[in-house]
Amino acid sequence: MNINLYGLLIAAAITIGYFLCAKEEKARQLPKDTAIDIVLYSIPFAIIGARLYYVAFAWNSFKYNIISIFYIWQGGLAIYGGIIGGLFGLYLLSKKRHLPLPLLTDVISPSLILGQAIGRWGNYFNQEAHGKIVQDIAWQFFPAAVNISGQWYYATFFYESAWNLIGFIFLYLSRKKYYKNHGIITIWYITVYSLGRMVIEMMRTDSLMLGSIRVSQGLSILLFVIAVVLLSKKSYAPIYVYILLFAGSATVIIAAMRESMMCLFLGALILLITSVIVYLNMEKRRKLAKTDNI
């Protein structure tokens, strides 16, 4: 039953994502069937990439049973690997359709983060991607925690699902503002998702590791910094934005090294404030440009 529900959620996420892309196809006046091509090109490569990424960093779990690499219905799909694989598929599509790659990634970004929000519930049915044991009885309730075989664990899958849903709302409501500025929605997707992931990843007990480094957390910090720098440059952000970015990033890195949740939350808060400032500055620039063009 769990396996069927996991697969059903993936299918539902893909279906909803397709309809959202189809709506964008019409709104952006893209060539006919661009939406279905996005699905056909990105999804197979995304699944392959997600599985290979996971297997690469969890090789000890597969080296004695190679055939289990193909048991994707049991879980074990790494989203960053999926993004890399899906991006490769979109690159091939951009070449075939002669469409800018940033345009295609902008079209799919809201669908992607919504799909992630839906897909995280597959972790619930597979009883995976949870946090540590909840000792305090006051927090032993859902959605703060999840009960697995009579034991309560922090419901990190739910935290990420909720964060991604918020991210979807933000991207979906913002997308029309940047129809003529390809790549902005994609960069905001990276900003939003990586900010949440760098925090939630350290709460999990099943992180993919590279030595003592949580792979997804380290990658999230790196991607966040790159994304915010790109957005800051595009909006001519003031120098204090870069100072905040450095302070927040340094705090998060120290927190990751020391496994300090309090330090992590502080760093994430600084980075969240930095993101909001960048967004407001970008909106100010956009409105001024719009006024000048009237």
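Atom set for the values below is all heavy atoms of this structure, side chains included, hydrogens, waters and symmetry mates excluded. If you read the sequence from its start, that first residue is 1, and numbering goes on from there.
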Does any N or O in the side chain of [X] come within less than 3.5 Å of the main-chain N or O of [Y], such that one atom is a donor and the other an acceptor?
X	Y	result
Q217	M198	yes
N164	L114	no
S68	N65	yes
D37	L93	no

Between [X] and [Y], what is the shortest heavy-atom contact and its length?
X	Y	result
A247	T251	O-OG1, 2.7 Å
F45	G89	CD1-CA, 3.7 Å
K63	I66	O-CD1, 3.8 Å
S161	R120	CB-CB, 3.9 Å
D106	G183	OD2-N, 2.6 Å
S235	N281	O-ND2, 2.7 Å

ask   = When F142 is tested against each of F158, Y153, Y159, W152 for ring-ring contact (aromatic ring centres under 6.0 Å, His included), which residue passes?
value = F158
key: Ring-ring centroid check W188 Y279, cutoff 6.0 Å   = yes
task = I would like to know whether S109 and R175 meet side-chain contact (heavy atoms from CB on, under 4.5 Å); could you show each step before the answer?
result = CA-CA 10 Å; S109 287; R175 73 196 194 288; over 6 Å; no
Within a strict 4.5 Å, meaning less than it, do heavy atoms of the [X] and [Y] side chains meet?
X	Y	answer
N123	T156	no
Y41	F88	no
R286	Y178	yes
L8	F125	no

key: Partner set under side chain to side chain contact (heavy atoms under 4.5 Å, CB included) for T34, not counting sequence neighbours   = E25, L30, P31, I38, R97, L99, L104
task = Quick one: list whatever passes side chain to side chain contact (heavy atoms under 4.5 Å, CB included) with M257, sequence neighbours left out.
result = I253
key: For I48, the rest of its hydrophobic cluster, which grows through side-chain links under 4.5 angstrom   = L52
When you group the ILVMFWY residues by side-chain heavy-atom contacts below 4.5 Å and let the links chain together, are [Y] and [X] in the same group?
X	Y	value
L92	L103	yes
L245	I243	no
F246	Y242	no
Y64	I67	no

Roughly how far, to the nearest 0.5 Å, is [atom2] of [Y] from [atom1] of [X]?
X	Y	atom1	atom2	answer
I108	I185	CD1	CD1	14.0 Å
I184	L171	CD1	CG	12.0 Å
R197	I79	CZ	CD1	8.0 Å
E24	K176	CD	NZ	8.0 Å
L195	I190	CG	CD1	13.5 Å
W121	L9	CH2	CG	9.5 Å

Pair up each side-chain donor or acceptor in residues 260-278 with any protein partner under 3.5 Å, not counting sequence neighbours, and list the distances.
unit_1, atom_1, unit_2, atom_2, d
S260, OG, C263, N, 3.3
T274, OG1, I270, O, 2.7
S275, OG, L271, O, 2.9

Among residues at least two apart in sequence or on other chains, which ones pass ring-ring contact (aromatic ring centres under 6.0 Å, His included) with [X]?
X	value
Y53	F57
Y172	F168
Y179	none
Y154	none

query = So with a 6.0 Å cut-off around NZ of K234, is the heavy-atom count from everything else above 12?
reply = no
message = Tell me whether Y91 at atom OH has more than 12 heavy atoms from other residues, nucleotides or ligands lying less than 6.0 Å away.
response = no
Review item, side-chain donor-acceptor pairs of residues 11-22, under 3.5 Å, at least two apart:
unit_1, atom_1, unit_2, atom_2, d
T15, OG1, A11, O, 2.8

request  = Give the C-alpha distance, both sets of side-chain angles, the deciding distance and a yes or no for side-chain contact (heavy atoms from CB on, under 4.5 Å) between V199 and W163.
outcome  = CA-CA 11 Å; V199 175; W163 177 261; over 6 Å; no
Please list every donor-acceptor pair under 3.5 Å in which a side-chain atom of residues 130-140 meets a protein atom from a residue at least two apart or in another chain.
unit_1, atom_1, unit_2, atom_2, d
D136, OD1, A138, N, 3.0
Q140, NE2, V134, O, 3.0

Pairs under 3.5 angstrom only: tabulate donor-acceptor contacts from the side chains of residues 219-232 to other protein residues two or more places apart or in another chain.
unit_1, atom_1, unit_2, atom_2, d
S220, OG, Y80, OH, 2.6
S220, OG, S216, O, 2.6
S232, OG, V228, O, 2.7

request  = Just do the side-chain contact (heavy atoms from CB on, under 4.5 Å) check on Y54 and L77 with the steps written out, would you?
outcome  = CA-CA 6 Å; Y54 182 86; L77 297 174; over 6 Å; no
Mind listing the side-chain donor-acceptor pairs of residues 204-213 below 3.5 Å, one per line with the distance, residues two or more places apart or on another chain?
unit_1, atom_1, unit_2, atom_2, d
R204, NE, D206, OD1, 2.9
R204, NH2, D206, OD1, 3.2
R204, NH2, D206, OD2, 3.3
D206, OD2, A129, N, 3.2
S207, OG, E201, O, 3.2
S207, OG, E201, OE2, 2.7
S207, OG, R214, NH1, 2.7

